[in-house]
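The structure under discussion appears below in the form of structure tokens.
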2 protein chains.
Amino acid sequence: MATRNTPRNTLSEQALLLDNQLCFALYSASLAMTKLYKPLLDELGLTYPQYLALLVLWEQDGVAVSELGERLYLDSGTLTPLLKRMETAGLVTRLRDATDERRVLIRLTADGRALKTRALRIPGCVLEASQCDVAEALALTHQVQTLRNRLTT
Amino acid sequence: MATRNTPRNTLSEQALLLDNQLCFALYSASLAMTKLYKPLLDELGLTYPQYLALLVLWEQDGVAVSELGERLYLDSGTLTPLLKRMETAGLVTRLRDATDERRVLIRLTADGRALKTRALRIPGCVLEASQCDVAEALALTHQVQTLRNRLTT
DNA sequence: GTCAATTCAATTGCACACAATTTAATTGAC
DNA sequence: GTCAATTAAATTGTGTGCAATTGAATTGAC
């Protein structure tokens with residue numbers, strides 16, 4: 001029996017189906033995650049990318065915009081206005097590095113540091129909504145990180 | 001020996017580390033994917049979300065904006081201007097449904113249909129850059145889809 | 001049949017993302 | 001030491017995403 005070979009059934013056609021696309025799975029899951037965080041972050045007066053910036057700063061205060069960008073895979077076109085809004089909100093300061101005037105160092109204010117306490121409960125809420133245990137979530141995290149690392153090198 | 005219990009080492013502190021966050025893994029992997037597609041889609045004159053819309057339309061032509069939104073998890077605030085740009089580019093038409101004037105049906109033009117042929121090579125390019133075989137990619141796709149489905153219900 | 005509730009797309013306003021360019025500061029080959 | 005090359009942040013312009021609102025069309029309880 002001859003295999004059908006209409007355009008509808010070629011391998012490359014199968015690969016173009018939306019639900020076979022890894023890129024769309026990641027895209028839609030990431031947007032869904034952002035929506036899940038929305039009400040939790042609204043309480044803190046933060047957007048999702050601003051929260052990511054704070055995660056970095058809570059680990060290491062006083063980083064340059066470029067270092068923040070390397071950590072978050074974002075460029076100055078995204079970070080500069082974002083950090084200005086966070087400065088206006090009183091969460092960070094932006095000061096030129098005295099030893100290298102090209103660099104702008106981002107530092108947490110007391111308010112910015114204090115937000116960490118209120119953020120501590122967020123990961124638990126997210127894990128619950130994800131309906132998976134810690135080990136499962138970490139395993140998936142590592143797989144997705146590995147993929148990202150392959151794509152960014 | 002007593003375990004240390006400084007703030008730096010609590011479980012909730014660990015959970016706030018950027019590299020332990022599933023949300024950031026998905027976010028950064030999704031952005032990396034978009035950048036990988038950029039040069040491939042530039043050749044076709046498409047943006048990444050426009051490409052996603054075409055994936056839907058190549059599977060099923062003549063869908064309403066709301067149906068496209070359900071499929072892509074996007075709302076009319078995103079899709080209306082995106083589809084207008086695709087209409088301007090001559091890829092789709094936007095016409096009110098005669099049987100329900102609230103609905104706007106999106107149909108491919110000949111140009112929009114023709115783009116599919118040129119898009120067929122894209123999934124292979126992406127898979128190569130991802131450095132994983134088809135089975136591996138599909139397995140990860142299903143895991144991420146499962147997570148997304150949990151988050152969107 | 002009527003009208004309140006619902007549905008659908010469009011609009012408005014805000015916040016990303018990012019390519020491309022600009023400006024200022026630093027580095028390094030000579 | 002000088003200046004071309006590099007680096008860092010900011011700026012500009014385009015295209016998403018999405019909350020909230022608007023306006024038009026449809027539905028459904030009565």
Side-chain angles (χ1 to χ4, degrees), chain A residues 23-24 26-39 41-42 45-53 63-70 72-89 91-92 94-106 152, chain B residues 23-24 26-39 41-42 45-54 63-70 72-89 91-106 152:
Chain A
C23 69
F24 177 64
L26 292 168
Y27 172 85
S28 53
S30 179
L31 291 182
M33 271 289 183
T34 303
K35 284 177 196 165
L36 174 63
Y37 274 87
K38 182 75 166 50
L41 294 177
D42 277 350
L46 295 172
T47 64
Y48 180 69
Q50 287 171 11
Y51 171 70
L52 294 180
V63 298
V65 174
S66 54
E67 292 157 2
L68 206 49
E70 279 172 33
L72 298 178
Y73 303 92
L74 297 172
D75 71 2
S76 69
T78 300
L79 288 176
T80 295
L82 180 150
L83 292 168
K84 282 185 178 177
R85 282 186 286 270
M86 292 179 73
E87 185 182 37
T88 302
L91 300 175
V92 301
R94 299 164 59 250
L95 285 174
R96 291 276 165 189
D97 184 344
T99 69
D100 184 344
E101 293 280 349
R102 292 172 304 180
R103 291 157 50 88
V104 168
L105 299 180
I106 309 299
T152 53
Chain B
C23 69
F24 176 64
L26 291 168
Y27 171 84
S28 54
S30 180
L31 291 182
M33 271 290 183
T34 302
K35 285 176 195 164
L36 174 63
Y37 275 87
K38 183 74 164 51
L41 294 178
D42 277 350
L46 294 172
T47 65
Y48 180 69
Q50 287 170 11
Y51 171 70
L52 295 180
L54 283 181
V63 298
V65 174
S66 54
E67 291 158 0
L68 206 50
E70 278 172 34
L72 297 177
Y73 304 91
L74 296 172
D75 72 1
S76 68
T78 300
L79 288 176
T80 295
L82 180 150
L83 293 168
K84 282 184 177 177
R85 281 187 285 270
M86 292 179 72
E87 185 182 37
T88 302
L91 300 175
V92 300
T93 60
R94 299 163 59 250
L95 285 174
R96 292 276 164 187
D97 184 345
T99 68
D100 183 344
E101 292 281 349
R102 292 172 304 180
R103 291 155 52 88
V104 168
L105 298 181
I106 309 301
T152 52

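Here is how names work: the chains are called A, B, and so on, in the same order as the sequence lines, proteins then strands, and each is numbered from 1.
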Can you list everything that forms a side chain to side chain contact (heavy atoms under 4.5 Å, CB included) with [X]? Sequence neighbours excluded, please.
X: A:Glu101; value: A:Arg96
X: B:Ser76; value: B:Thr80
X: A:Asp75; value: A:Thr78

Working to the nearest 0.5 Å, report the span between [atom1] of [X] and [atom2] of [Y].
X: A:Thr34; Y: A:Leu41; atom1: OG1; atom2: CG; value: 9.0 Å
X: A:Leu95; Y: A:Glu87; atom1: CG; atom2: CD; value: 8.0 Å
X: B:Tyr51; Y: A:Phe24; atom1: OH; atom2: CZ; value: 12.0 Å
X: B:Tyr27; Y: A:Leu31; atom1: OH; atom2: CG; value: 11.0 Å
X: B:Met86; Y: B:Thr47; atom1: CE; atom2: OG1; value: 7.5 Å

Could you tell me how far apart [X] ([atom1]) and [N] ([atom2]) are, to the nearest whole angstrom?
X: B:Glu87; N: C:dA9; atom1: CD; atom2: C1'; answer: 14 Å
X: B:Leu74; N: D:dC18; atom1: CG; atom2: P; answer: 6 Å
X: A:Leu41; N: D:dC18; atom1: CG; atom2: C1'; answer: 15 Å
X: B:Asp75; N: C:dT12; atom1: CG; atom2: C1'; answer: 13 Å
X: B:Leu95; N: C:dC8; atom1: CG; atom2: C1'; answer: 16 Å
X: B:Arg96; N: C:dT7; atom1: CZ; atom2: P; answer: 17 Å
X: B:Met33; N: C:dA17; atom1: CE; atom2: P; answer: 18 Å
X: A:Leu83; N: D:dA8; atom1: CG; atom2: P; answer: 16 Å

Taking all heavy atoms of [X] and all of [Y], pick out the closest pair and write down the distance.
X: A:Ala32; Y: B:Thr152; result: CB-CG2, 3.8 Å
X: A:Arg94; Y: A:Leu83; result: CD-O, 3.8 Å
X: A:Leu68; Y: A:Leu79; result: C-CD1, 4.0 Å
X: A:Gly45; Y: A:Gln50; result: O-OE1, 4.1 Å

Can you tell me if the side-chain N/O atoms of [X] get under 4.0 Å from OP1 or OP2 in [N]?
X: B:Ser76; N: C:dT11; value: no
X: A:Lys38; N: D:dC18; value: no
X: A:Lys84; N: C:dC16; value: no

Nucleotide nearest [X] when distance is taken to its side chain, options [options]:
X: B:Thr80; options: C:dC18, C:dA10, D:dA10; answer: C:dA10
X: A:Val65; options: D:dA9, C:dA10, D:dC18; answer: D:dA9
X: B:Leu31; options: C:dA17, D:dA10, C:dA9; answer: C:dA17

**Message:** Both B:Arg94 and B:Ala32 contact DNA chain C. Taking the nearest nucleotide for each, which residue is further toward the 5' end?
**Reply:**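 Closer to the 5' end of DNA chain C: B:Arg94.
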Which atoms of nucleotides 22-29 of chain D (N or O only) lie under 3.5 Å from a protein N or O atom, and what are those distances?
from, atom 1, to, atom 2, distance (Å)
D:dT26, OP1, B:Glu101, N, 3.2

N/O-N/O pairs, protein side and nucleotides 12-16 of chain D side, under 3.5 Å:
from, atom 1, to, atom 2, distance (Å)
D:dT16, OP1, B:Thr47, OG1, 2.6
D:dT16, OP2, B:Gln50, NE2, 2.7
D:dT16, OP2, B:Arg85, NE, 3.0
D:dT16, OP2, B:Arg85, NH2, 3.3
D:dT16, O5', B:Arg85, NH2, 3.0

**Request:** Under 4.0 Å between any heavy atoms, over every strand shown, what does A:Leu79 touch: base, sugar-phosphate, or nothing? Just pick one.
**Result:**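 The answer is nothing, as A:Leu79 stays clear of every strand by at least 4.0 Å.
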**Asked** Bend across the helix from C:dG1-D:dC30 to C:dC30-D:dG1, to 10°, with axes taken over 5 pairs at each end?
**Response**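 End-to-end axis angle: 20°.
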**Item:** Residue whose nearest DNA chain D nucleotide is more 5′ - B:Tyr73 or A:Val104
**Value:**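 Nearest nucleotide further toward 5': that of A:Val104.
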